[in-house]
Protein chains: 2
Amino acid sequence: MDDVAARKGRSKNRAGERAARIQDVARLAEVSTATVSRALATPERVSKEARARVLAAIARTGYVPNPAARSLRSQKTNMILVVLPDLANTFFSKILHGIEETLFAAGYGMIISDLDGSPAKEAHFAAFTAAGRVDGAILLNGHLFGQSRDGKGKPANITVPLVALCEAIPGADIPQIGIDNRAAARKMTEFLVSLGHKRIAYVSGPAANVLEKERFRGYRDALRAANLPFEQDLVIPGDYTLETGVAAGRQLIARANLPTAVFCTSDEMAIGLIRTLTLAGVNVPTEVSVAGFDDIEFAAAAEPALTTIHQPRRELGQAAAKVLIDLLNGRPSADRILLETALVKRDSVAPPR
Amino acid sequence: MDDVAARKGRSKNRAGERAARIQDVARLAEVSTATVSRALATPERVSKEARARVLAAIARTGYVPNPAARSLRSQKTNMILVVLPDLANTFFSKILHGIEETLFAAGYGMIISDLDGSPAKEAHFAAFTAAGRVDGAILLNGHLFGQSRDGKGKPANITVPLVALCEAIPGADIPQIGIDNRAAARKMTEFLVSLGHKRIAYVSGPAANVLEKERFRGYRDALRAANLPFEQDLVIPGDYTLETGVAAGRQLIARANLPTAVFCTSDEMAIGLIRTLTLAGVNVPTEVSVAGFDDIEFAAAAEPALTTIHQPRRELGQAAAKVLIDLLNGRPSADRILLETALVKRDSVAPPR
DNA sequence: CAAAGTGATGTAATCGATTACACGAACTTT
DNA sequence: AAAGTTCGTGTAATCGATTACATCACTTTG
């Protein structure tokens, strides 16, 4: 006999009994294990009396099916992996909320992987997924497991469905859920133009980022449509964080002639920028208008309240989870979903003087 | 023969082969499955040649151990459950980050449960834990699974280690990790007193909340120590959200005589309150000082920048994960850890006029 | 030189749930 | 009445990795 039980005391609770197994329930209900299993999985295929006895026995023993055994047999884990570039980023929490509630309702659990910029970690979770620890994955990090950015298709060893959320993965043949970043950025820029702004600065995201590329195109689209010149000087690099917003603000202040409006491609950057301008005595919005992107919680509470692009974050999470669940159940599913954004007009944008 | 494989095509990748099993590796390496297993788990107990052959076979087959089988046999899942009251709340994201990195480094995965105020969901995850789907759990929600607030001990059916983080669970004999809320609240109140404030309002958290009770005591401690009268009128109910901060601000404005300082027990409420006061033409901090609690990201970016109590959120997450890992490995571990808070002085607090 | 020890490996039982197949009883159909 | 259905149930194989025990080939020791 082996000693697993003795060594770890693993399946004993504090009272000392082992956790109930399907056999214990079967014995108590005076049926076979097959009948117990069927009473739970396909109750209509079991007689009323047997079912009642089984349920009574389950209640008495406190039986809960062992998931490892079930998973080993059925080859399903009922777990979904969510891959994030940065868990500490405010932007993701409401998306996660939407994912979690949808998965939960469908009987799935959520495992979170915060990549934190570590390729080793990404490789680990790719192997984790390949090993069948999850039934599917939602990727928020903009590229496929262990693949370079130009890679096509999904790696041969990953066999479970994948879904890309927010950051589209170019060339990957998996469903993509997100917003139309280009159109949204164009909409905001056009709004600024419509108020009379002619020199509109742009605070970018990380250059390699897919979102950034799309938003930048939208910005240029709007300028071109309005016959406004594109000035490289007005593009200020950022990475979506508060800190780079502050840095962008400092850079602007040091300039001879300020633009009349600044379009920041994240709310965090916009808030950092506004704060820096305000401290330097530059009034927002009377001297410089500032627009954001995302509509995070604090956008409305900022001073002045931020004009921004609203992303339906919770709905994005829900949509991605729903698509994945459809895939898992073999149901047909859209392979590209773009949710509507809205331009939210608050107080940080005004016509130029 | 059964039809699991045929129905789901589960362990076949796109090329059609099944995922490699330990037997496949064993056959290729011309050893037994026991040797393969040992080559991975206890390499020193296997000859150099056998080990080399096994590793080569693993590389060739792309073998990854099946976690369900492993878990079934070893009764370990290498998964930790993290229970949150509200995932969308900004306060938790950095804590999660700290938890995740520590768990990951120790080889554990993180499953997240957002309770969202649903007792049914809580019961589900209690059963989930009892069923052995995780090796342990970190509770951020202030009470034990399925227990009423006055319950003692842990429910008999949960046999894995639990750790309480941030919100202490009164009466539970599990390790508690957090900060000294009472001392921190006292420290902030004393700071306000030291500047000359005599009428200090208090915007509370939810009445039933453990944190709230402690912070409120700290507030009263400081008043008592300074011989200042406690006025029930100056206690304004809140629930830590931005919205109740706004509501508290409205309530204050409607009053005949404003307090000279307001201590909000969360940064979100402080930011909402400041915004409401500012819009009503009440200057912060010259007319009213406002202090917060938590030191969330936006505290520094608020206008004016928020004076608040800094909680080491990432470290809190790390500490809780570390304690849990110690428990899982049978190592002794502190059963109460209080991390240091710091009073961060920024611009939202000034002496009264 | 025999007895005991050491090291490497294989055999097969085990974890617990699911389910194909077999079987018998009750009920229909021809 | 014989043949076929339907229904409820039980038996036992199966999922894949781990590991107690057995075995065999050497080496060491009394």
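The figures that follow rest on heavy atoms only: side chains count, while hydrogens, waters and symmetry mates do not. Letters A, B, ... mirror the listed sequences (proteins, then strands); counts begin at 1.
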Looking at side-chain heavy atoms only, is the closest gap between [X] and [Y] below 4.5 Å?
X	Y	answer
Glu100(A)	Leu96(A)	no
Thr61(B)	Leu28(B)	yes
Gln318(A)	Glu315(A)	yes

What's the [atom1]-[atom2] distance between [X] and [N], to the nearest Å?
X	N	atom1	atom2	result
Ile22(B)	dT11(C)	CD1	C1'	14 Å
Arg133(A)	dA17(D)	CZ	P	13 Å
Gln23(A)	dT14(C)	CD	P	12 Å
Leu72(A)	dC15(C)	CG	P	14 Å
Asn66(B)	dG16(C)	CG	C1'	14 Å
Arg21(B)	dA17(D)	CZ	C1'	11 Å
Gln75(A)	dT18(C)	CD	P	13 Å
Arg27(B)	dA17(D)	CZ	P	12 Å

Legend entry - N/O donor-acceptor pair under 3.5 Å between Asn329(B) side chain and Arg331(B) backbone: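 Side chain of Asn329(B) to backbone of Arg331(B), a donor-acceptor pair under 3.5 Å: no, none is there.
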Inset, instruction - Classify the angle between the aromatic ring planes of Phe125(A) and Phe104(B) as parallel (below 30°), tilted (30 to 60°) or perpendicular (above 60°). - result: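 Rings of Phe125(A) and Phe104(B): parallel, as their planes differ by under 30°.
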On the nucleotide [N], are OP1 or OP2 found under 4.0 Å from the side-chain N or O atoms that [X] carries?
X	N	result
Arg73(A)	dT14(D)	no
Arg70(A)	dT18(C)	yes
Tyr63(B)	dA17(D)	yes

Legend entry - Pairwise distance OG1(Thr33(A)) to CZ(Arg21(A)) - rounded to 0.5 angstrom: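 Separation between the atoms: 11.0 Å.
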Inset, instruction - Working to the nearest 0.5 Å, report the span between CG of Leu316(A) and SG of Cys166(A). - result: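 Going from the CG atom of Leu316(A) to the SG atom of Cys166(A) covers 5.0 Å.
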Sub-3.5 Å pairs of nitrogen or oxygen atoms, protein against nucleotides 8-12 of chain D:
from, atom 1, to, atom 2, distance (Å)
dT9(D), OP1, Ser47(A), OG, 2.8
dT9(D), OP2, Ser47(A), N, 2.9
dT9(D), OP2, Ser47(A), OG, 3.2
dG10(D), OP2, Ser32(A), N, 2.7
dG10(D), OP2, Ser32(A), OG, 2.9
dG10(D), OP2, Thr35(A), OG1, 2.7
dG10(D), N7, Arg38(A), NH2, 2.9
dG10(D), O6, Arg38(A), NH1, 3.3

